[in-house]
Student: 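Below: one structure in structure tokens.
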Amino acid sequence: MSKNFDVVVIGGGPGGYIAAIRAAQLGFSTACIDEWKNAKGGAAPGGTCTNVGCIPSKALLQSSEHYEHAGHAFSDHGIEVKGLSLDMKKMLARKDTVVKQNNDGILYLFKKNKVTFFHGRGSFVKAVEGGHEIKIAGATEESIVAKHVIVATGSNPRALPGADFDEKLILSNTGALAIADVPKRLGVIGAGVIGLEMGSVWRRLGSEVTVLEALPAFLGAVDEQVAKEAQKQFTKQGLAISLGVKIGAITAGKNDVTVNYVDDKGTAQKAVFDRLIVSIGRIPNTIGLNAEAVGLKLDERGFVAVDGDCKTSLPNVWAVGDVVRGPMLAHKAEEEGVAVAERIAGQHGHVNFNTIPWVIYTSPEIAWVGKTEQQLKAEKVPYKAGSFPFLANGRARALGDTTGFVKFLADAKTDEILGVHIIGPQASELISEAVVAMEFRASSEDIARICHAHPSLSEAVKEAALAVDGRALNF
Ligand code: FAD
Ligand code: NAI
């Protein structure tokens, strides 16, 4: 096997494995190095997303939603479920199977595209003639030479000072996705994406969930109207959300965790939980890369410093995904991976940061692309807004899921769509239409004049676009 490659990717998450496949498609001899181990110590490419992120969280969200529907929502349809019970072992085993299918899928794709896969930790050794020497420490140790290196080493969960993750009582996303028995009292610190998704899973399965958030505003980055509706719905579902808290000492006992905090009124509080999930953001992972020794520059927050094209401070070394600036999202990592492979091939790789969608997979789902209303106000951009509630959508009524709305924000003069915000059923799927429209710089009138199938949830998107000019037909 050749020890020289045109492209070596360090990290096999969505940024890395996709970059490797695209590089191979473009005719480069390509290797991808990933150190993730499955329970048996074998290779498990796919990174955080596949192993302890996007995929297992969505598997559990689906399972827990089925459980909740079987318990409540089905009876509205005239379906009575008797003797409902929960087999946590089976639910977790199914989630693990879904993860493994994805790991295996990536190994298959590597074979298909002739990407050489190395299982182990990759690190920079030195610059050599023809590129960079990379050491791989796995079952054995070997060295390869890469003309181009793509760093895609991802991120790790941020711990609270004095409360290290033990993954038994104090859990990161890894532990939160593998709780063997439904905890009676579950604490969540951080009402961000992970806190709300994981809090929803365990609430649906029976936990009393308390979410403690430092900021005074709920989902501050989300359009205010959507955030307000989301807070109302989650509270109605039983998530106890406290905003504006200041977390103090956290002490793990034998079977429980005590969290001391000061609430938004300045009163000292103490809460005891059977499990505590800490989801207060993630930090870039450059551990073991030997970045410093070879002069790979990090920024002041520890991310690999890159320019707009994902070029690092070293010649022919690129970086993509969670380890560089920008949203920590799998699809953003993938887009950067493809763009870098294409730039290496002399093509015009392109990532449009204005049209990266966000989705929170709670129930109702929350999805958005582009600017929020508060951003447009702050930037003094004149805009028009139009909304349409799912309550007025026939398909949503047939589904029995009428929570939420679609909201369009368009430029007051040109009518160009500036942002679309959805809270409600299938928001994760519906947002794609808005992404496509914004990518093509469409106006709200363009969407309003397109024929949408009836009855479908997508009609709510069309109606919201019509509402921008006060022409909604069904509301
Ligand atoms: P990662 O996926 O972190 O992959 C990096 C890989 O590099 C890992 O396999 C790591 O082991 C490996 N590695 C690191 N250093 C080395 C080294 N020196 N040598 C060899 N290998 C190395 N995003 C979404 O878009 N949608 C979602 O629904 C979503 N859900 C999420 C749910 C949770 C609970 C979490 C935690 C995250 C979620 N994310 C989601 C975020 C998403 O997982 C990340 O944005 C994405 O995984 C980043 O991809 P990446 O390739 O940059 O890094
Ligand atoms: P987050 O940034 O989404 O939320 C963290 C929350 O914790 C914030 O609301 C923050 O104000 C709060 N916080 C920070 N420090 C705190 C403290 N000391 N006390 C109390 N609250 C505190 O981060 P999260 O949820 O950890 O997720 C990390 C990232 O993973 C997300 O930002 C996202 O990029 C990605 N992700 C994406 C998902 C998706 O796309 N559906 C799902 C899950 C994660």
Side-chain angles (χ1 to χ4, degrees), residues 1-24 28-37 43-51 103 106-107 109-110 113 115-128 130-156 282-298 302-306 310-325 328 330 333-334 336-341 343-344:
M1 189 195 299
S2 165
K3 297 288 179 189
N4 288 276
F5 293 90
D6 295 324
V7 178
V8 169
V9 185
I10 307 180
Y17 90 79
I18 288 291
I21 289 173
R22 186 70 190 118
F28 295 115
S29 62
T30 306
C32 181
I33 310 167
D34 188 79
E35 65 179 345
W36 204 291
K37 287 187 183 138
T48 300
C49 177
T50 302
N51 291 293
N103 297 141
I106 295 167
L107 289 170
L109 289 171
F110 281 162
N113 289 283
V115 172
T116 305
F117 176 67
F118 293 95
H119 189 211
R121 171 168 288 186
S123 56
F124 286 95
V125 180
K126 57 181 183 298
V128 291
H132 301 269
E133 184 184 343
I134 304 291
K135 184 176 84 181
I136 303 152
T140 57
E141 205 173 285
E142 52 191 312
S143 277
I144 57 177
V145 173
K147 232 184 249 174
H148 288 267
V149 181
I150 304 176
V151 176
T153 46
S155 62
N156 287 321
R282 297 179 61 84
I283 47 176
N285 172 29
T286 52
I287 301 165
L289 259 185
N290 206 22
E292 233 171 79
V294 290
L296 179 68
K297 253 199 210 143
L298 307 186
F303 290 91
V304 174
V306 286
C310 291
K311 276 189 186 145
T312 71
S313 58
L314 294 178
N316 296 341
V317 177
W318 312 72
V320 301
D322 279 12
V323 79
V324 304
R325 84 285 172 265
M328 287 184 166
E334 292 181 10
E336 285 182 335
V338 168
V340 163
R343 283 172 197 140
I344 291 172

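Both backbone and side-chain heavy atoms feed into the values below; hydrogens, waters and symmetry mates do not. Just so you know, these numbers come straight off a predicted model, no measurement behind them.
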Student: Can you see which heavy atom on Ile134 is nearest to which on Val125, and at what distance?
Tutor: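 For Ile134 versus Val125, the nearest heavy atoms are C-CG2, 4.2 Å.
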Student: So how far is it from Glu35 CD to Ile287 CD1, rounded to the nearest 0.5 Å?
Tutor: 8.5 Å
Student: Pair Lys135, Glu142 - check salt bridge (Lys or Arg N to Asp or Glu O under 4.0 Å), show working.
Tutor: CA-CA 6 Å; Lys135 184 176 84 181; Glu142 52 191 312; over 6 Å; no
Student: Could you pull out all residues at least two apart from Lys147 that satisfy salt bridge (Lys or Arg N to Asp or Glu O under 4.0 Å)?
Tutor: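 Partners of Lys147 under the salt bridge (Lys or Arg N to Asp or Glu O under 4.0 Å) test: Asp6.
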Student: Once you round to the nearest 0.5 Å, how far does CD1 of Ile150 lie from OG1 of Thr312?
Tutor: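 Answer for the CD1-OG1 pair, Ile150 versus Thr312, is 11.0 Å.
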Student: So does Gly295 get a backbone contact from the side chain of Ser313, meaning a donor-acceptor N/O pair under 3.5 Å?
Tutor: yes
Student: Okay, side chain of Asn290, backbone of Phe124: is any donor-acceptor separation there less than 3.5 Å?
Tutor: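 Confirmed, Asn290 side chain pairs with Phe124 backbone.
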Student: Below 4.5 Å, heavy atoms only, C-beta onward: do Ser123 and Leu289 meet side chain to side chain?
Tutor: no
Student: Classify the ring geometry between His148 and Trp318 as parallel (under 30°), tilted (30 to 60°) or perpendicular (over 60°).
Tutor: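 The rings of His148 and Trp318 sit tilted, inter-plane angle from 30° to 60°.
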Student: Whether the Ser155 and Asp322 side chains hold a donor-acceptor pair (N or O, under 3.5 Å, no angle test) is what I'd like checked.
Tutor: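 Checked: Ser155/Asp322 side chains pair up, N/O donor to acceptor below 3.5 Å.
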Student: Decide yes or no for Pro284 and Phe303: does some side-chain heavy atom of the first lie under 4.5 Å from some side-chain heavy atom of the second?
Tutor: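 They are in contact (side-chain heavy atoms under 4.5 Å apart), so the answer is yes.
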Student: Measure the spacing between CG of Asn113 and OG1 of Thr30 and express it to the nearest 0.5 Å.
Tutor: 9.0 Å
Student: Test side-chain contact (heavy atoms from CB on, under 4.5 Å) on Ile33 and Val9; report intermediate values, then the result.
Tutor: CA-CA 6 Å; Ile33 310 167; Val9 185; over 6 Å; no
Student: Can you name the closest pair of heavy atoms from Ala341 and Phe28 and give their distance?
Tutor: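 What the structure gives for the nearest pair is O-CE1, 4.1 Å.
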Student: If I compare all heavy atoms of Cys32 with all of Ala20, which pair ends up nearest, and what's the gap?
Tutor: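 Shortest heavy-atom contact: CB-CB, 4.0 Å.
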Student: Give me the atom names and distance for the closest heavy-atom approach of Trp36 to Thr48.
Tutor: CZ3-N, 3.7 Å
Student: Where do Val304 and Ala319 come nearest, in terms of heavy atoms and distance?
Tutor: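 Reported closest heavy-atom pair: CG1-CB, 3.7 Å.
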Student: Looking at every non-hydrogen atom in both residues, tell me the closest pair between Val294 and Leu314 and how far apart they are.
Tutor: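 For Val294 versus Leu314, the nearest heavy atoms are O-CD2, 3.4 Å.
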Student: Side chains of Asn103 and Thr50: closer than 4.5 Å at any heavy-atom pair?
Tutor: yes
Student: Please check this pair: side chain of Asp34 against backbone of Ala43, looking for a donor-acceptor N/O pair closer than 3.5 Å.
Tutor: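 Judged by distance alone, no pair lies under 3.5 Å.
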Student: Look up atom CD1 in Ile10 and atom CZ in Phe118, then write down how far apart they are to the nearest 0.5 Å.
Tutor: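 Ile10 atom CD1 to Phe118 atom CZ measures 11.5 Å (nearest 0.5 Å).
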Student: Give the C-alpha distance, both sets of side-chain angles, the deciding distance and a yes or no for side-chain contact (heavy atoms from CB on, under 4.5 Å) between Leu298 and Thr286.
Tutor: CA-CA 9 Å; Leu298 307 186; Thr286 52; 3.9 Å; yes
Student: Determine whether Val306 and Lys311 make a side-chain contact, defined as any pair of heavy atoms from C-beta on separated by less than 4.5 Å.
Tutor: no
Student: Which value, rounded to the nearest 0.5 Å, describes the distance between Glu336 atom CD and Ile18 atom CD1?
Tutor: 13.5 Å
Student: Look up atom NZ in Lys126 and atom OG in Ser143, then write down how far apart they are to the nearest 0.5 Å.
Tutor: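 It is 7.5 Å, given to the nearest 0.5 Å.
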